[in-house]
S.K.: 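Questions regarding the structure given below will be posed in turn.
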Amino acid sequence: MFLALKEMARAKVRFALLIGAIALLVFLILFQQSLQNELLRSFVGAIENQTAPVLVYSVDGQRVVQASVISPDLEAGIRELPSASEVGRIGQGTFTAATAAGLFDATILGYESAAVGAPTRIVDGRLPESVGEGIASDVDEKNGFGIGDTIVLEPSGYQITIVGLAANAQLNAGPTVFTTYDTYAESVAAQNPDAGTLLPNVLGVAPVEGVTDAQLVADVNEVSLDVDALTRADAADATPGVSQVRSSFRIIFLLYGLVVPCVTGLFFLIITFQKANSLTLLRAIGAPAGRLVAALLIQATIIMVAAFGIGTLLYTPVTTLELGGLTLRFETAAVIIWGAVLMSLGIASALLAARRVLAIDPIDATTGAGVGR
Amino acid sequence: MSNTNAATATVTGTALELTDVRKVYTLGDGSEVVALADASLTLTSDEMIALVGPSGSGKTTLCSIAGGILSATSGSIVVGGEDISGHSAKELTKFRQEKVGFVFQSVNLVPFLTARENLLVVDELGRRTGGPARERADQLLEELGLADRAKNLPSQLSGGQRQRVAIGRALMNDPALVLFDEPTSALDTHLGEQVMELIRQEMKTRGIAAIVVTHDERITHYCDRSVHIVDGYLQS
Amino acid sequence: MKLALLELVRRPGRFATAAVILTLIAVLLMFLGGLLDGLISSSTNAIKAQSGDVIVYSESSQASFLRSRIDPELRSTVESVPGVESTGGIGIVQLGARIPGNGPRDLASVALFGYEIPPNGVPDIPADGEVWADEVLKADGVRDGMELLLGPARSPVTVIGFVKDTTFNGQGSLWASPATWRSVLADNRPDAQLADGVFQALIVVGDADPAAIAADIDATTEDATESFTVPEAVKAIPGVEEQQGVFNQIIGVTVVIALVVIALFFALLTVERTSLYGVLKALGAMSRTIFLGLVAQATVVTLVAGVIAAGLVLILDAIIPPGAIPLDVSASRIITSIVLLLVAAVVGCSFSLRRVLRVDPASAIGTGS
């Protein structure tokens, strides 16, 4: 401990630079973790957090709610399924909404049955009960989508009053309002006078007692090749863009994650080489090898803890930021997991240098060979 | 390259003239340490002296001041006709490039340069004459018996060979004065004698003055005279 | 300087460590940059390619085709604005395309455009029922002459050739006559169908400054329209500005990390070489020479790292299946990344300047005694 701390105190600049570099890396990793989580949440939160365990798209919709259209034939076929206990229409429209806070791209999701299609995580207020009411994504409360607020769809002027707030209920990274199917149909007609018959985009389906979601998915897919059924979780993952986001971030995290142990490992390797003579001297006068390795690991631990702490401190204020509609949050789970991963990697990388320390032969003190040769 | 520096020394007669040179260090607590006290020393143009004294006696300080590596607190230093007493750091740098040769005790050669390249270092850092410098380097290597080692790295040379390369480098800029810091400390008796003979021969044939700092009484007889220094004072 | 480069060549090992880390960071910069470029271009190429000066949407549409509609009356108002030479209608419908040879649930995502004024790189309007296809659709199996069935109504269109760099919203685009587009829209999205003569947006060709024309149009229609110059329309596409902002910030912080890493490693290297520097200074080297040598080394190491990283990123680009990640590796992005790293290298080196200045030539004498 004594050795470890003394060395760090004597060589403040290099240790400070190392801690600085790692702290910045930690910050970036945590920030991007928040970014990824929020991106996914805001794109498909509404799909994951609604009551229908199974969602049925048309194959042509390619797992995009708005692009999917369920024809009357398909709907009839699905309603007749013995394994389906509840079938409800779900429609999606994207409109320009005017609120007290300005103009927004708002998604309206109309559900026919609250059992299959309403948001699951209601944090305030209630579900809509009559036409003209809606429950909005909670993060958009400050954008004029709070309880009691009225939003006006442009250019038709159709109004919806917000009566509740739901968590993780966004679709397409924008304000999302769940309404009853009637309200939704009215808004579509108002916005596009040329519109023909309104068909639902997606059906929400729940299985009867004893049938699993997977079984229901298979049964629905049997109805027709034009139909694409997925569990709610799969529907979220299969939404176009989601896998791209995940794959992209995977590569990013891998690279950043690799940089951390590389920097610490090589740092310790270099400074061990540099103090080869003093280390050899210490061994010659009787310091046990284990003690020297321990000093190394203590330094590595101090550095990683300090760097992670600073990185997390830098990360915290950033999590209150709003980036283009994305409200970031402090991802505690991510902090804990990354903390464990990065710290183990950092400390483990110092073991490379430890091997060198253990290889020192005290006799070299007399000949001056040291660790370097 | 003509022996301009040595020639000047011959004309003026002295290679080095130290007059009342003092070097005082002030420690952190305010107290003063006198490393060199009122040193006066004169070297004629081809004189080779041994500077002898125990560790901490100030011999390194005196050498450093004579070589323009260290500034004196007071006193006058004239090397090869040039008064360096009041030189700025930049002027001293130039002075060292052109007029002084050093053979250090250790960390002598640049480890990643070949013997030949080590000789060319001074030219590279300073005047960059290019062709003439390369010719001189080859010539010196030849004279020092290292022609076949020109392309070797220091790690591939024996201790004695490394010492010779260092001597060659010291002679590259045709200095007025060469300073040898413990040239034989890392060598056994036989090798040490060989090196001292070589040094004497090179210095005398070229007519270059030299100070050999040493505490090894075995080699002082290679020099014209010995000057002793104890606790910062030159013994006359 | 020559000395420093010789050291680099003769002793590459000690620089290798910094080079490895810098390569990783360079790959990161190029990957992040390529990702940003890919995201933006796949979203916006179709707009960028427009050959007109101004794009006109209807009010409150927030620069979104799907929410905009321009009827013939509004169009003639726009055409009456001085400075407007001609207008071309444009409309879009996004659906899944069934491609011969692919499985029944294996559709390709396409954006079908009906156009009047050809965008850059797109030939004249094809006959009804025919389309030009963006070449990204080749990865989905689309070939010249193929008949694709679009949407749930299985509207048939025949591919008569390929165009490039016209993707929209991450989808491959198909370019057709207004009539084709209109009928496909009506057959497949009855709730979004548009009457004859109605388009979603107008491409305007003008004879004056585009920004001025855009302002004039909105003024003349009394804000019933929202007009953008083409570059503005690109930026107005939802997400574009935010993506650029976020990515550039991440790239910026990564460059700072590179700077700190270089500062760190060169500080360590300098410490190792203090005695060498002492000897060099004693022999007559100026601090400036030594420091420039350091900068030269940092520059070369960074360049090498950059070149290796460029190679790695190109390999990465080649092995990633098309469509899996929107990566667009361009020469300008690679060069920008390397330049940023070089700046970081030079600045990072300067941390060692003080130490180099402080090396005392007198330290060369008497070491070991």
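Proteins come first, then strands; the chains are lettered A, B, ... in the order of their sequence lines, and each starts at number 1. The figures here come from the full heavy-atom set of this structure, side chains too, leaving out hydrogens, waters and symmetry mates. What you see is a predicted model; the values in this text were computed from it and never measured.
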S.K.: Looking at C63(B), P111(B), G101(B), A170(B), which one has more heavy-atom pairs under 4.5 Å with chain C than the rest?
M.R.: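 Ranked by heavy-atom pairs under 4.5 Å with chain C, first place is P111(B).
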S.K.: Could you tell me which non-hydrogen atom of K23(B) sits nearest to which non-hydrogen atom of T73(B), and how far apart they are?
M.R.: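 Distance-wise, the nearest heavy atoms are CA-OG1, 3.3 Å.
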S.K.: Sort out for me which of L92(B), V121(B), L113(B) touches chain C most, counting heavy-atom pairs under 4.5 Å.
M.R.: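 The residue among L92(B), V121(B), L113(B) with the greatest pair count is L113(B).
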S.K.: Among A285(C), P361(C), A282(C), G278(C), which residue forms the greatest number of heavy-atom pairs with chain B at distances under 4.5 Å?
M.R.: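 Sorted descending by pairs with chain B, the first entry is A282(C).
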S.K.: Let me know if I290(C) has heavy atoms under 4.5 Å from chain B in its side chain, its backbone, both or neither.
M.R.: neither
S.K.: Sort T114(B) into side chain, backbone, both or neither according to what part of it lies under 4.5 angstrom from a heavy atom of chain C.
M.R.: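 For T114(B), backbone and side chain are both near chain C.
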S.K.: Please rank L6(C), T289(C), V9(C) by heavy-atom pairs under 4.5 Å with chain B and give me the top one.
M.R.: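 Looking at each option in turn, the highest pair count goes to L6(C).
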S.K.: For K59(B), is it the side chain, the backbone, both or neither that has a heavy atom under 4.5 Å from a heavy atom of chain C?
M.R.: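 For K59(B), there is no contact with chain C at all, as no heavy atom is under 4.5 Å.
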S.K.: Between V227(B) and L234(B), which heavy-atom pair has the shortest distance, and what is it?
M.R.: CG1-CD2, 3.4 Å
S.K.: Do E272(C) and R14(C) meet the salt-bridge criterion of a basic N to acidic O distance under 4.0 Å?
M.R.: yes
S.K.: Quick one: do D134(C) and K164(C) make a salt bridge, cutoff under 4.0 Å?
M.R.: no
S.K.: Would you say F95(B) and E82(B) make side-chain contact, with heavy atoms under 4.5 Å?
M.R.: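 The answer is yes; the side chains approach within 4.5 Å.
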S.K.: Using only atom types and a distance under 3.5 Å, with no angle test, would you say the side chain of Q244(C) pairs donor to acceptor with the backbone of E241(C)?
M.R.: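 Pair absent, no side-chain N/O of Q244(C) close to backbone of E241(C).
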